[in-house]
Amino acid sequence: MLARSPVLNQSGPTEFVFRVFTTVPELQVLLFVLFLVLYVMILCGNTAIIWVVCTHSSLHTPMYFFLVNLSFLEICYTTVVVPLMLSNILGAQKPIPLAGCGAQMFFFVTLGSTDCFLLAVMAYDRYVAIRHPLHYTRIVTRRLCVRMVVCAAGLAGLLSLQLTALIFALPFCGHRREINHFLCDVPPVLRLACADTRARQAVLYAVGVLVLAVPFLLISASYALIGAAILRIRSAAGRRRAFSTCSSHLAMVLLQYGCCSLVYLRPRSSTSEDEDRQIALVYTFVTPLLNPLIYTLRNKDVSGALKHAFGRKAAPDDA
């Protein structure tokens, strides 16, 4: 059993503050505007995908059901981080209480882990669609899709709850501690504990393997089988169509798993807090922003539905 945290015996409640990006007022304004624009683009792009899939019956298929869930996750994922981040860019550092930091860590890890599991589920969907096209609708049913999404979210929440509880059972000496990050992520918070953290580091690495390495191996195996199936397609047009349905998903997989692995699976001796913060900007802003761009530019069904929807809305105005 874990001992009661010494945090409770401190003279005052523990608070955290995030290290500022810069103290130059002009650069603060520039960063604020840049991150705000990126955040609005993420919200608009992913909301557009959800809207177009929900309003077009031709897109009511398992692949787009998973895409809607992925877009919803991206919206929630960035919303957990960016508003608080923006409020800390301008002006003085605003402290976040221990409970608030724990809540942000829990939701951030849960949503990020669900994202990784969902990418593995989407790889399985593409595997069945290409390897067993005649039985696709019988195998990948609506009930199975819902169950896989619920299981992904449930497993992610369970792992996140246990990890967050372990981290915040540690003592954090002092009333106010500075996190060299823009969010309460696990590695930078773990560095602030004034106790032996080797056991927690081992748990973090184990969770990283479960969330990143295992799904990535499953995705790699799926795409190896998909690639073999595509090569057996005689028609060049058929091969291009089969590849186009997978290339968008594969691009997201490489970006998401690559950046997250650099932060959570590298040995602590080879990492720096500044590098982790820079990499975190990629999976906080770039990946959620590229999700709608990749899937609309590389997917003719989604891009066609968007053009049709906006064209239909513009028609009455032109009349």
Working to the nearest 0.5 Å, report the span between [atom1] of [X] and [atom2] of [Y].
X      : Y      : atom1 : atom2 : answer
Leu183 : Asn88  : CG    : CG    : 11.0 Å
His60  : Thr55  : NE2   : OG1   : 7.0 Å
Arg131 : Ser222 : CZ    : OG    : 10.5 Å
Gln278 : His181 : CD    : NE2   : 10.5 Å
Leu70  : Tyr77  : CG    : OH    : 11.5 Å
Leu212 : Phe117 : CG    : CZ    : 8.5 Å

field: Aromatic plane relationship, Phe108 with Tyr283 - under 30° parallel, 30 to 60° tilted, over 60° perpendicular
entry: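 Plane angle between 30° and 60°, so tilted.
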
- request: Just say parallel, tilted or perpendicular for the rings of Phe35 and Phe285, cut-offs at 30° and 60°.
  value: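 Aromatic pair Phe35/Phe285 classed parallel.
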
statement: Across all chains, not counting sequence neighbours, the disulfide bond (SG atoms under 2.5 Å apart) partners of Cys101 are Cys184

Same cluster for [X] and [Y] if Ile/Leu/Val/Met/Phe/Trp/Tyr side chains link at under 4.5 Å?
X      : Y      : value
Tyr264 : Leu158 : no
Leu27  : Val37  : no
Val33  : Leu30  : no
Val17  : Leu190 : no
Leu34  : Val82  : yes

message: Tell me which one of Val52, Ile42, Ile75 satisfies side chain to side chain contact (heavy atoms under 4.5 Å, CB included) with Thr47.
response: Ile75

Within 6.0 Å of [atom1] in [X], more than 12 heavy atoms from elsewhere:
X      : atom1 : result
Phe72  : CZ    : no
Phe107 : CZ    : no
Phe216 : CZ    : no

Is there a side-chain contact between [X] and [Y] (heavy atoms, below 4.5 Å)?
X      : Y      : result
Asp185 : Met105 : no
Leu159 : Ser113 : no
Phe18  : Asn180 : no

field: Within residues 139-152 or reaching into it, pairs that qualify as side-chain hydrogen bond (donor to acceptor under 3.5 Å, both in side chains) - sequence neighbours excluded
entry: none

- prompt: With a 3.5 Å cut-off and no angle check, do the side chains of Tyr39 and Thr79 form a donor-acceptor pair?
  reply: yes

NZ or CZ of Arg200 within 45° of Tyr205 ring axis and under 6.0 Å: no

